[in-house]
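Note: hydrogens, waters and symmetry copies are ignored here, and every other heavy atom, side chains too, is used.
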Amino acid sequence: MRVITETQDLTEACARLVRHPFVAIDTEFLREQTFWPVLCLIQMAGPEDEFIVDPLAKGLDLKPFYELMADERVTKVFHAGRQDIEIVYAKANLIPHPIFDTQVAAMVCGFGESVSYVNLVKKLTNKDVDKSSRFTDWSRRPLTQKQLAYALADVTHLREVYLKLKEELESSGREHWLSEEMATLSDPATYETKPENAWLRLKMRTRNRRSLGVLIELAAWRERAAQMQDVPRSRILRDEALYDIANQAPTDTAKLGELRTLSEGFSRSARAREIVEAVKRGLERDPRTLPQIPTGQPLSAEATALVDLLRVLLKAAAARNRVAPKLIADTSDLERIASEDDPDVPALRGWRRKLFGADALKLKRGEVALTVAGGEVVAVPTATAKV
C-alpha cells in the first residue's frame, strides 16, 4: 500500500479526485500534548480511487489537498467530521465546502443519536470494521501495513455509507433537513478559538459578577499562553485553579501563593505575575458590561412536569418520523419551551416546528393532550383548543 509523500503525487491524486462528485475524507491526528492538533495522516477516497497522504513527510506541500477541500464542485464526506474540519480550518484557514456528515445524516434517517461509525457501516453495508489499530500513535513512522489498511478502510466504507444515506435522504425528501445542520459545521465561528471567548467553554460557576470578570480575563490569558506555547490548556493552568483564583481574586503574588490549588513555589514564577495582572484587569472591568450569570434556579414544579410531557411528545414525534430526538430538540429547548413566554429555540422553527414544535406549544397552552392510539402516543385536541 503506497503512501503519498511527494507533492507531485498529491497533486496528481487530487486531480483524479476532483473529477468526481464526492470524496470521502478522514484524518488521523494527535493533540494530547499540544494545543493545536498535529495532523498525522489523511485518507481520501473517490468512487474509483483511494489514497493515503503522509502530512509529516519532509517537503510535502498540502496545498493540492486544501484546494480540493475548497472546490465547490466536490462534496466532502465526513463521519462526525467536526474535528477533521477544525484541522483544515486551523491549517489552511478554510472550511471544506460543500460537506456531508454521515453521522448527522444517519440521525436524519432514523439511525439513532450519535450513531457510531462501526454500527452505521454494519447496518448499511453489512460489513465489519476492524478496530484493532484504533489506538495507534499515528505520529510514529513507519506505520505498518495493517495500520495503513485500517486507516484506509475508514474512507472506503465511508463512500458506501454516503451513497446509501444520500439515496435515503433523496427518497424521503429530507435533504434540506441535513442542509440546515451542515450550515453549522460550515460556519467558521464553530471552529474559532478567540481568547476573549475562552471562558464560555468552562462549566463551573463563579460566585458573583466580580469573580466573573476575573474569570473572563484569566481564561483569555490562559488561552493566549496555550496557543503561543502550543500546549494543552491544563499545562498552563488547571480549571480548578482557574476558578479558585477567580473567586479569591488575589491582587499580589503572596496572596496567590496561599491558594491550595496551586503548587508550592508557584507564586515566585513569572506566570504568577501574569496571573495577578489578569486578576487586576478583571477587577477593573465594569460589571454592567459583563454577561448575566445563570441563576441556576430549578424549574418550577409545573414547568418540570411540562418538560416531562414534552419529552414524551418529542420521542413520539421522533419515532413516528424516524429521526433522532436529539436532532429535533435537546433538554435545553424543552426547558425553555416550558418556562419562557416566547422561547427562541430551533425546535420551534422550520421542519422541527412542523414535526414537533407546533404541537409542543399547543400542549403548553392546553390545546392538545397526549393519549395512546394503536400503540402510539399521539396529541389530540382538547375542549380548550382554538377552532
How long is the span from the [atom1] atom in [X] to the [atom2] atom in [Y], to the nearest 0.5 Å?
X	Y	atom1	atom2	value
R224	F35	CZ	CZ	12.0 Å
L143	I52	CG	CD1	8.5 Å
I25	D84	CD1	CG	9.0 Å
D154	E28	CG	CD	6.0 Å
T102	E160	OG1	CD	12.5 Å
L17	E50	CG	CD	9.5 Å

Whether [Y] and [X] form a salt bridge (side-chain N of Lys/Arg under 4.0 Å from carboxylate O of Asp/Glu) is what I want to check.
X	Y	result
D344	R349	yes
R352	D333	no
R73	D71	yes
E196	K194	no
R159	D49	no
E223	R201	no
R322	E168	yes

For [X], look at atom [atom1] and say whether over 12 heavy atoms of other residues, nucleotides or ligands are found less than 6.0 Å away.
X	atom1	answer
R320	CZ	yes
K364	NZ	yes
K131	NZ	yes
E175	CD	yes
R271	CZ	yes
K255	NZ	no

To check you understand the geometry: which heavy-atom pair defines the closest contact between [X] and [Y], and what is its length?
X	Y	answer
Q227	W36	O-NE1, 3.4 Å
L10	D61	CD2-O, 3.5 Å
I337	L361	CG2-CD2, 4.4 Å
A278	E217	O-CB, 3.4 Å
R141	L41	NH2-CD1, 4.1 Å
T156	A45	N-CB, 4.4 Å

(Q) Checking N208 against S211 for the side-chain hydrogen bond (donor to acceptor under 3.5 Å, both in side chains) test, could you report, in this order, the C-alpha distance in whole Å, the side-chain angles of both residues, the deciding distance, and whether it holds? (A) CA-CA 5 Å; N208 48 49; S211 298; 3.1 Å; yes
Q) Step by step, would you call E170 with K166 a salt bridge (Lys or Arg N to Asp or Glu O under 4.0 Å)? A) CA-CA 6 Å; E170 291 173 350; K166 183 173 182 290; 2.7 Å; yes
Q: Determine, stepwise, if the pair D130 / S132 fulfils side-chain hydrogen bond (donor to acceptor under 3.5 Å, both in side chains).
A: CA-CA 6 Å; D130 177 13; S132 60; 2.8 Å; yes
Q. Counting N and O atoms only, with roles assigned by atom type, does the side chain of R209 sit under 3.5 Å from a partner on the main chain of L290, one being a donor and the other an acceptor?
A.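 Side chain of R209 to backbone of L290: a pair is present.
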Q: For Y191 and L185, indicate whether the former's side chain and the latter's backbone hold a donor-acceptor pair under 3.5 Å.
A: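 Looks like yes, one N/O pair under 3.5 Å.
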Q.
Could you check, using the six-membered ring where one of them is a Trp, whether F100 and F22 have ring centers closer than 6.0 angstrom?
A.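 No, they do not, as the ring centres are separated by 6.0 Å or more.
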Just distance, no hydrogens or angles: give the donor-acceptor pairs under 3.5 Å from side chains in residues 260-267, sequence neighbours left out.
{"from": "T261", "atom 1": "OG1", "to": "D244", "atom 2": "OD2", "distance (Å)": "2.7"}

**Q.** Donor-acceptor side-chain pairing of N119 and S116 below 3.5 angstrom
**A.**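 The answer is yes; a qualifying pair exists.
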Q: Go through D286 and R288 one step at a time and tell me if the salt bridge (Lys or Arg N to Asp or Glu O under 4.0 Å) criterion holds.
A: CA-CA 5 Å; D286 183 350; R288 294 172 297 181; 3.0 Å; yes
Q: Any pair with a residue in residues 319-373 that passes ring pair (Phe, Tyr, Trp, His ring centres under 6.0 Å), sequence neighbours left out, goes on the list, sorted by first then second residue, please.
A: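 Sorted result for residues 319-373: W177-W351.
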Q. What orientation do W138 and Y150 show, parallel under 30°, tilted 30 to 60°, or perpendicular over 60°?
A.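 Answer is parallel, since the angle falls under 30°.
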Q) Can you tell if the side chain of P96 reaches within under 4.5 Å of the side chain of F78, non-hydrogen atoms only? A)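 Side-chain contact under 4.5 Å: yes.
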